[in-house]
Amino acid sequence: MKAFVFTGQGSQFSGMGKDLYENSPAAKEYFEKANEILGFRITDIMFNGSDEELRQTKVTQPAVFLHSVITAFSLGEEFNPDMVAGHSLGEFSALTAAGALSFEDGLRLVFKRALAMQQACEKQESTMAAILGLDDKTVEDVCNQVNNNGRIVVAANYNCPGQIVVSGDKEGIEEACTKLKEAGAKRALPLNVSGAFHSPLMQPAKEELETAINNTEFKTPRCPVYQNIDALPHTTPEEIKANLIAQLTSPVRWTATIENMMDNGATEFTECGPGNVLQGLIKKIQSNRNI
């Protein structure tokens, strides 16, 4: 069975999507429609912008969404998924590619999400860090210790066995990194992000996005969509909406998502979006199951 997975924020690069724009009239039409919806020429930044410009959340999220969705659309009949999933932001791409959202509505929601998250980031200095070489429970226990000291730190992305991203206020992340190294982490790497995504600090953004999602029409997707919140397949529009709202302050359960997709018959994974980060994570998840 074929599974298609959609990339999250952080995989952007200057020049992304330019080949699609130049070689496919249909892709060019989608990109120009996006420029019109957003009210600025995001294609100029995607194709020629600096890394700094591309790192702006209001640019990064719609840019990765556009690259991912237009890549899937450009596959034509080759985009024939039995199931789909997306990592964080990629969940919106997966839902759009699978027909649960129209291209226009998907892009509008992603842009609303980006602006709301940026505003939430500006309210409190916060960040994230990648923790390598520890099991889930150890990371969770250390986060709880730090929280008991009055900070906010949570496990935000369960990317693959031995790789978890933690998210929280700046001082809490610094304290957690120190404690996690003491607990045996091979590395604790602060990430170059503007805020604490998938943590309680995103609550203001969640409330703003909830209104937008509830005012958007969702349809039954062409195949099951495995969602971040519970790593399970969903096809009911109301369930999908509720899970999408909860996603912003809840962890991305990517390891469990891929394991569940494999348990349900996925034998071939195709990544849509810039880079191949998800393919690397999937290989690690697969090899861990084969130990």
[X] side chain to [Y] main-chain N or O, any donor-acceptor pair under 3.5 Å?
X	Y	value
T257	Y226	no
E53	S50	yes
N35	I42	yes
S11	T7	no
T267	M1	yes
E271	F6	no
N260	L232	no
S24	L20	no
S250	Q247	no

Has [X] got more than 12 heavy atoms of other residues, nucleotides or ligands less than 6.0 Å from its [atom1]?
X	atom1	value
Q279	CD	yes
E125	CD	no
K241	NZ	yes

Cluster question for you: counting only ILVMFWY and a side-chain heavy-atom cut-off of under 4.5 Å, with indirect links fine, are [X] and [Y] together?
X	Y	result
L244	L107	yes
F13	M46	yes
Y158	I258	no
L75	V84	yes
V64	L38	yes

Checklist entry - Which residues satisfy the side chain to side chain contact (heavy atoms under 4.5 Å, CB included) test with R108, sequence neighbours excluded? => result I37, E104, D105
In Å, rounded to the nearest 0.5 Å, how long is the span from [atom1] of [X] to [atom2] of [Y]?
X	Y	atom1	atom2	answer
C177	L189	SG	CG	8.0 Å
M262	I282	CE	CD1	8.5 Å
H198	I229	NE2	CD1	10.0 Å
N228	N157	CG	CG	8.5 Å
D82	M261	CG	CE	9.5 Å
R55	Q12	CZ	CD	8.0 Å

Checklist entry - Is any NZ, NE, NH1 or NH2 atom of the basic residue among K137 and D141 found under 4.0 Å from an Asp or Glu carboxylate oxygen of the other? => result yes
Next on the checklist: Salt bridge check, R41 against E32: does any charged N sit closer than 4.0 Å to a carboxylate O?
Outcome noted: yes
What are the two closest non-hydrogen atoms of [X] and [Y], and how far apart are they?
X	Y	answer
G49	L54	O-CD1, 4.3 Å
T138	L180	O-CD2, 4.4 Å
T96	V69	CG2-CG1, 4.0 Å
S14	N48	OG-C, 3.8 Å
V142	A183	CG2-CB, 4.5 Å
G10	T60	N-CG2, 4.4 Å

Got [X] and [Y] here, is their nearest side-chain heavy-atom distance under 4.5 Å?
X	Y	value
F103	L66	yes
T270	V5	no
S88	Q9	no
V252	E91	no
E140	C143	no
L281	Q163	yes
E175	N149	yes
M202	M117	yes

Checklist entry - For F47, which residues count as a ring pair (Phe, Tyr, Trp, His ring centres under 6.0 Å) partner, sequence neighbours excluded? => result Y21, F31
Checklist entry - L209 and K112: side-chain contact (heavy atoms from CB on, under 4.5 Å), yes or no, with the steps? => result CA-CA 7 Å; L209 189 62; K112 169 72 77 173; 4.1 Å; yes
Checklist entry - What orientation do F111 and F40 show, parallel under 30°, tilted 30 to 60°, or perpendicular over 60°? => result tilted
Checklist entry - Looking at L248, T249, V154, V166, which one forms a side-chain contact (heavy atoms from CB on, under 4.5 Å) with S199? => result V154
Next on the checklist: Is it the case that the ring center of F73 lies less than 6.0 angstrom away from the ring center of Y30?
Outcome noted: yes
Next on the checklist: As a quick check of understanding, evaluate side-chain contact (heavy atoms from CB on, under 4.5 Å) for R187 and I131, giving each step before the final call.
Outcome noted: CA-CA 6 Å; R187 301 185 79 180; I131 312 304; over 6 Å; no
Item to check | Evaluation steps, salt bridge (Lys or Arg N to Asp or Glu O under 4.0 Å), between E174 and K170 | outcome: CA-CA 6 Å; E174 290 172 356; K170 194 167 184 297; 3.0 Å; yes
Checklist entry - Taking it one step at a time, do N159 and I164 satisfy side-chain contact (heavy atoms from CB on, under 4.5 Å)? => result CA-CA 6 Å; N159 284 335; I164 297 179; over 6 Å; no
Checklist entry - Could you walk me through whether S126 and F197 pass the side-chain contact (heavy atoms from CB on, under 4.5 Å) check? => result CA-CA 9 Å; S126 56; F197 307 145; over 6 Å; no
